[in-house]
There are 2 protein chains.
Amino acid sequence: MHKYEKIRLELTRRINSQAWPVGASIPHEDELAAEFGVARGTIRQALSSLVDAGYLEKKRRAGTRVAYPKDHASTLRISLVREQVEQGGHTYGYRLLKDSIEDGIRRVLCLHLRDDAPYQLEDREISLSGIPSAAAADFSQISPNEWLLQQQPYSRVQTTLQASAPNRNDRKHLELPRDEPVFLVLRETFLEEVWLTRVRLSHPASSYSVQMERAFD
Amino acid sequence: MHKYEKIRLELTRRINSQAWPVGASIPHEDELAAEFGVARGTIRQALSSLVDAGYLEKKRRAGTRVAYPKDHASTLRISLVREQVEQGGHTYGYRLLKDSIEDGIRRVLCLHLRDDAPYQLEDREISLSGIPSAAAADFSQISPNEWLLQQQPYSRVQTTLQASAPNRNDRKHLELPRDEPVFLVLRETFLEEVWLTRVRLSHPASSYSVQMERAFD
DNA sequence: AGCATTAATATGTCTATACATATTTAATGG
DNA sequence: CCATTAAATATGTATAGACATATTAATGCT
């Protein structure tokens with residue numbers, strides 16, 4: 001275990017035990033460096049992860065204090081559907097439902113299956129001016145989702161999570177039990193402010209949830 | 001603008017322009033340091049944010065490469081209800097509905113209002129062994145949500161986001177339009193593996209969504 | 001050829017030092 | 001007494017160098 005890890009562990013202990021209560025200032029970096037017998041850089045490395053996690057707040061000249069835990073950040077990774085399914089030990093299936101081009105936008109409707117049951121309905125729009133190669137892409141075997149990741153990167157992603165009553169396509173393709181809502185993931189991506197693609201991912205509420213865990217020790 | 005910021009900007013440009021395409025290795029830290037005329041530490045600082053954002057992948061000895069953008073990380077901050085409401089320029093209201101103690105667990109049901117309309121129903125369980133002071137707390141004016149943040153910190157938080165049909169309490173208190181589902185936030189917190197509290201936050205789907213944005217330039 | 005061992009190497013950790021900069025605190029002056 | 005200015009200071013940025021370590025590539029052996 002590295003020095004900065006040991007130090008971070010000890011600092012976390014002091015916070016959790018309230019030796020350093022919420023709102024209190026902690027010793028300066030130089031003092032901590034002296035206490036632990038390391039260089040200031042090592043202390044800064046230990047502190048940085050605690051700051052990122054929202055446990056500490058730093059301000060120039062004012063020093064470092066234990067933050068109020070009002071809005072801890074959780075990191076959310078929404079990965080490829082296929083990987084989501086296969087990681088759970090299930091079999092993945094894919095079906096293209098609709099595919100059209102209108103006004104320079106390619107619109108694709110397709111279904112992702114988990115163990116042959118509907119798992120995610122993907123309703124996607126792709127800008128052909130933003131991604132010209134999308135005009136000729138074949139989505140009968142590979143999903144737009146997956147195809148797009150092979151393409152150029154994006155510089156801005158906007159994601160919205162929502163609950164919703166199913167729309168017509170959802171009811172038609174997701175085999176929803178009566179009164180079952182859908183969990184929506186809406187996402188839009190840009191490259192240098194040029195719009196690339198927009199997608200509406202709908203899932204049966206009973207078979208989909210987003211989980212986050214923030215552990216600290 | 002600092003050196004590492006300029007460098008990060010230039011590196012981002014090379015990635016976005018596909019001068020460094022996805023999957024390709026980028027020059028070694030020493031080479032970059034020479035190219036930009038800075039110390040390696042400065043290069044590492046520029047790279048670190050790109051690695052955190054998922055744009056680059058580093059591996060010892062193998063070097064640094066442009067990552068496949070399969071699962072970019074988005075940071076999600078779920079903050080205090082009251083702040084959520086007030087930040088949007090709305091008025092916040094609070095109402096305690098139920099409050100009981102059983103088997104060493106205090107259970108509180110309360111409602112958070114936005115502009116006098118139901119916004120979030122909070123159904124909370126607090127471990128009195130984990131947080132003894134919760135036995136005497138007064139939740140008639142201040143919500144458990146808010147009260148708990150003044151208390152001891154936690155070391156592990158588990159959050160689940162879900163869509164769901166409303167349960168009995170939801171229907172009773174959230175004034176849901178017909179067929180409207182709820183958006184659930186389920187959260188459980190621990191301190192060093194000791195269970196502290198569990199909460200079920202339900203929201204009318206039409207008035208609640210979680211938004212994330214990952215910009216990069 | 002195939003396998004185990006060894007060497008090479010790019011990133012990771014750490015130190016020590018210098019200066020920059022945002023903020024606060026103190027000093028100054030009307 | 002208040003407002004403005006100046007000093008103090010804790011964190012932020014940057015440098016240069018040393019060594020550690022994971023992983024790959026080369027080597028040698030059977």
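Protein atom CG of A/Leu32 is 15 Å distant from nucleotide atom P of C/dC14, rounded to whole Å. Computed from coordinates, the B/Lys58 NZ to C/dG12 C1' distance equals 8 Å when rounded to whole Å. When the C1' atom of C/dT17 is taken as reference, atom CG of A/Asp30 falls 12 Å away, rounded to whole Å. Between A/Ile7 atom CD1 and C/dT13 atom C1' there is a gap of 12 Å when expressed in whole angstrom units. Rounded to an integer number of Å, the gap from A/Lys59 NZ to C/dT24 C1' is 9 Å. Computed from coordinates, the B/Glu5 CD to C/dA20 P distance equals 17 Å when rounded to whole Å. Atom pair B/Arg60:CZ and C/dA8:P shows a separation of 19 Å (rounding to whole Å applied).
In this structure, a donor-acceptor pair under 3.5 Å is present between the side chains of B/Gln84 and B/Tyr119.
For the pair A/Lys3 and C/dT15, the criterion of a side-chain N or O lying under 4.0 Å from OP1 or OP2 is met. Close to C/dT13, at under 4.0 Å from its OP1 or OP2, lies no side-chain N or O of A/Thr42.
Only one option out of B/Arg124, B/Arg106, B/Glu125 pairs with B/Thr197 in a side chain to side chain donor-acceptor pair (under 3.5 Å); it is B/Arg124. Remark: of the listed residues A/Glu35, A/Glu29, A/Glu31, A/Glu29 is the sole one forming a salt bridge (charged side-chain N to carboxylate O under 4.0 Å, His left out) with A/Arg40. Exactly one of B/Arg8, B/Lys6, B/Arg14 qualifies for a salt bridge (charged side-chain N to carboxylate O under 4.0 Å, His left out) with B/Glu10. That residue is B/Arg14.
The aromatic rings of A/Tyr208 and A/Phe183 are tilted relative to each other, their planes meeting at an angle between 30° and 60°.
By the 4.0 Å N-to-carboxylate-O rule, A/Glu188 lies close enough to A/Arg198 to be salt-bridged with it.
Both B/His2 and A/Ala39 sit near DNA chain C, but only A/Ala39 has its closest nucleotide nearer the 5' end. Along DNA chain C, the nucleotide nearest A/Ala62 and the nucleotide nearest B/Thr64 are compared for position; the residue whose nucleotide lies closer to the 5' end is B/Thr64.
Side-chain proximity of A/Arg61 to C/dT11, C/dC14, C/dT24: nearest is C/dT24. In the set C/dT11, C/dT9, C/dA22, the nucleotide with an atom closest to the side chain of B/Glu29 is C/dT11. Distance from the side chain of B/Arg44 is smallest for C/dG12 among the nucleotides C/dC14, C/dA8, C/dG12.
Contacts between chain B and DNA chain D, taken as any atom within less than 4.0 angstrom of a protein heavy atom, begin and end at D/dT13 to D/dA25.
Without hydrogens or angle criteria, B/Ser155 side chain to B/Glu192 main chain gives a donor-acceptor distance under 3.5 Å.
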